[in-house]
Protein chains: 2
Amino acid sequence: MKRKITLKQIARELEVSISTVSKALSGSKEISEDTTQKIQAFAKLYNYRPNNIALSLKNRKTKTIGILIPEIVHHFFSTVIFGIERVANKRGYNVIVGLSNESFTKEIINMEMLANGSIDGFILSISKETLLKQDYHHFHATINQGMPIVMFDRVVSEVDCDKVIVDDFNGAVKAVNMLINKGCENIALLTTMDYVSVGRLRTQGYLEALERNNIEPNSDLILKINDSLNSADHLEFLENEINKFFELNPNIDGVFAVNELYAITAMKVAKKIGLKIPEDIQVIGFTDGVLSKHATPTLTTVSQHGQRIGEQAANLLIDRLESEDVEPDSFIVNSNPKSDFIKLVIETEIIERESTK
Amino acid sequence: MKRKITLKQIARELEVSISTVSKALSGSKEISEDTTQKIQAFAKLYNYRPNNIALSLKNRKTKTIGILIPEIVHHFFSTVIFGIERVANKRGYNVIVGLSNESFTKEIINMEMLANGSIDGFILSISKETLLKQDYHHFHATINQGMPIVMFDRVVSEVDCDKVIVDDFNGAVKAVNMLINKGCENIALLTTMDYVSVGRLRTQGYLEALERNNIEPNSDLILKINDSLNSADHLEFLENEINKFFELNPNIDGVFAVNELYAITAMKVAKKIGLKIPEDIQVIGFTDGVLSKHATPTLTTVSQHGQRIGEQAANLLIDRLESEDVEPDSFIVNSNPKSDFIKLVIETEIIERESTK
DNA sequence: TATCAACACGAAAACGTTTTCGTTAAGAAT
DNA sequence: ATTCTTAACGAAAACGTTTTCGTGTTGATA
């Protein structure tokens, strides 16, 4: 039950000063070979490791980055975290995660907890409630305090910071295009209420693809689903909605869904009412998660490359953190005050499986 | 771009001492009402928040707990993290996560990074490689340094610490019992190589249930699958294995799988070779994840309550952390040196869905 | 008028580092 | 014999807190 050993204890034990110990351990040539060897041996014996907290306080940087996401029990966010952790670890950083649970208040509380010295910068995706309220003062506040933020996936133009986003628009265009090329003539869109930007963009992509192919969009074929209730009975509600939708529009021969769950559920409903996939109806979903790979039939999806998003976001943040070290030296004060920020667009990729011909 | 304000700055600005500011902000009655008001107003105006790192250094505790898990892109672990984060947050703690990726070395590296002052205690699940090597020195080392560990799910009797485990054995017994009660006479077991304790326990539960019902176990009906390759082609391999297995044993009318993926794949293969679920063959899987809820037919599963596991683990750890504060005062030195540790067993629950009658 | 308590505040240590700037002694140079 | 390097080390500040222990002033008491 021995506590971790400190420089002071080594110093006392070896009857030298703390400074000597510190220098010896870092291999400074200010210290004679004899004492250096003695100190290093002693330190190794007692498995000395510098205390991170003390280092953080001294260096005014913690070498850890804060992740703030709406939920963690979610395949996409898990993969993003995985990507972040990968490069963070490789570059000597730790990650500390906070969950907003889609709540505005929890988002703020979490940011305040972490912003008080615990981390060097944020990687985050905005909660739904915040997007609804359109209140971004907490982001501005932390940025103003000199703490960089990188946003991913759910971003917002009102905040000036680095961003990594999925090319939702073109992803949707590609998907719907594929359905058209595979012979679909009446393509339905399963989407959400569009206060979340990604949903809106995917909807726009759907419309754009139709227009490029000179197909008149038919509002009957667009089903906007209220996703505010995220509970267990949501699933039943969803099935009913889609069921009604399919019965009202028997001519549908293609479905583009803005997320995996909607796509899977559409397939389930379609099978239930006797439609064959992909013969009678083809389905493509956004987001390539576990469900898509294991559904029957397996689902053709638009992959967002969550891991790559995480990796890029982490690189962006760390690059900025480590360039800041030099900034005070530089003469360029506020050159390009805004356009300085990078917006990375990660291309989507269509993964063809059995739900399309 | 103003940095966060500190006590020192407030003190200088208001021409008082740092101690006065500190006391005023904590509402000490040592300070006159006048100055207290003035200082608090100023602090509020500049949005003063004490620096967490400095507090950590002073108090020798960080109020953050380290989570170390084999992988994060995994429904079960996500739910556990969710549970941990929930109670951690409620009790004023942050969580910092490390991933071992099932690697012994990464597990050690991560532990060393975090153990040097960054966290107050660990919640972890052991990596497969560590379980294979049976080398637990790093756990012993951190515990010896006075840092408590709570293990969950993948635990090991060689390490003395608090543990939270799933009742794998009884969960399996319950599942197989249910299959028997629902009329299955030839129940197959789909399991892994058994160096991971949970797999072994589930296998034992399967055997126990058979014995209790006076059914002679048939080794032909047990398929041990090599899960060392976790890559993309693993899925195809899995399907082939199960396919061969089913063709060799056409009498199988029930399947108990030790994880969700095996169960889902078994259903897929069964359907492919023309078996009706649950009429011809009933299936139960361990682990209640997303796949189970959305498969067709939906899968009856043994739920492990990942969230509850996380919550209990977090409570256990925090309880221990906060009781340690008092320990030095207590006269009971090393009373019950070993049996002091708690082993919580979380009961499983069978969630009946369409894959059983 | 000398003593005393109460009040209001400041100085300093401590947490564990790193780093700058002395300081001492020995030997070389003048 | 005096000055000057150089080698080898120590003292102290700094990061931002909290807390213990003074200390000076005031008004009341003896």
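Residue numbers begin at 1 in each chain, while the letters A, B, ... track the order of the sequences. Only this structure's heavy atoms are used, side chains among them; waters, hydrogens and symmetry mates stay out.
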Nearest-Å distance, [atom1] ([X]) to [atom2] ([N])?
X       : N      : atom1 : atom2 : value
B:Lys58 : D:dT19 : NZ    : C1'   : 6 Å
A:Lys61 : C:dT18 : NZ    : P     : 15 Å
A:Ile53 : D:dT17 : CD1   : C1'   : 13 Å
A:Leu25 : C:dG16 : CG    : P     : 16 Å
B:Arg12 : D:dG16 : CZ    : P     : 11 Å
B:Asn59 : D:dC15 : CG    : P     : 20 Å
A:Leu7  : D:dC15 : CG    : P     : 19 Å
A:Lys29 : D:dT6  : NZ    : C1'   : 12 Å

Closest listed nucleotide, where the reference is the side chain of [X] and the choices are [options]:
X       : options                : result
A:Asn51 : D:dT18, C:dG16, D:dG10 : C:dG16
A:Tyr48 : D:dT17, C:dT17, C:dA11 : C:dT17
A:Ile18 : C:dT17, D:dG16, C:dC9  : C:dT17

Under 4.0 Å from OP1 or OP2 of [N]: is there any side-chain N or O of [X] that close?
X       : N      : answer
A:Ser22 : C:dT18 : yes
B:Arg49 : D:dG16 : no
A:Lys8  : C:dC15 : yes
A:Ser32 : D:dA7  : no
A:Thr35 : D:dC9  : yes
B:Arg60 : C:dG16 : yes

Exercise. Would you call B:Asp162 and B:Lys343 a salt bridge, taking side-chain N to carboxylate O under 4.0 Å as the test?
Worked result: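 No.
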Exercise. Is it true that A:Glu322 and A:Arg91 have a side-chain N and a carboxylate O under 4.0 angstrom from each other?
Worked result: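 The answer is yes: the pair qualifies as a salt bridge.
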Problem set entry | Along DNA chain C (nearest heavy atom to each residue), the more 5'-positioned of B:Ser17 and B:Ala54 |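 On the 5' side of the pair lies B:Ser17.
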Tell me if the side-chain of [X] makes a donor-acceptor pair with the base of [N], cut-off 3.5 Å, by modelled atom types.
X       : N      : result
A:Ser19 : D:dA11 : yes
B:Lys4  : D:dG16 : no
B:Lys23 : C:dG10 : yes

Exercise. Out of A:Leu124, A:Asp160, A:Val156, which one pairs with A:Phe139 under the side chain to side chain contact (heavy atoms under 4.5 Å, CB included) rule?
Worked result: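 The option that passes is A:Leu124.
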Between [X] and [Y], a side-chain donor and acceptor under 3.5 Å:
X        : Y       : answer
A:Lys63  : A:Asn94 : no
B:Ser118 : A:Asn52 : yes
B:Gln9   : B:Glu13 : no

Exercise. Within the structure shown, what part of the strands sits under 4.0 Å from B:Leu55 by heavy-atom distance: base, sugar-phosphate, or nothing?
Worked result: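 The answer is sugar-phosphate, as B:Leu55 gets under 4.0 Å only of primed atoms, P, OP1 or OP2.
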Problem set entry | Closest-nucleotide 5' rank along DNA chain D - winner of A:Leu57 and A:Glu30 |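 This one resolves to A:Glu30.
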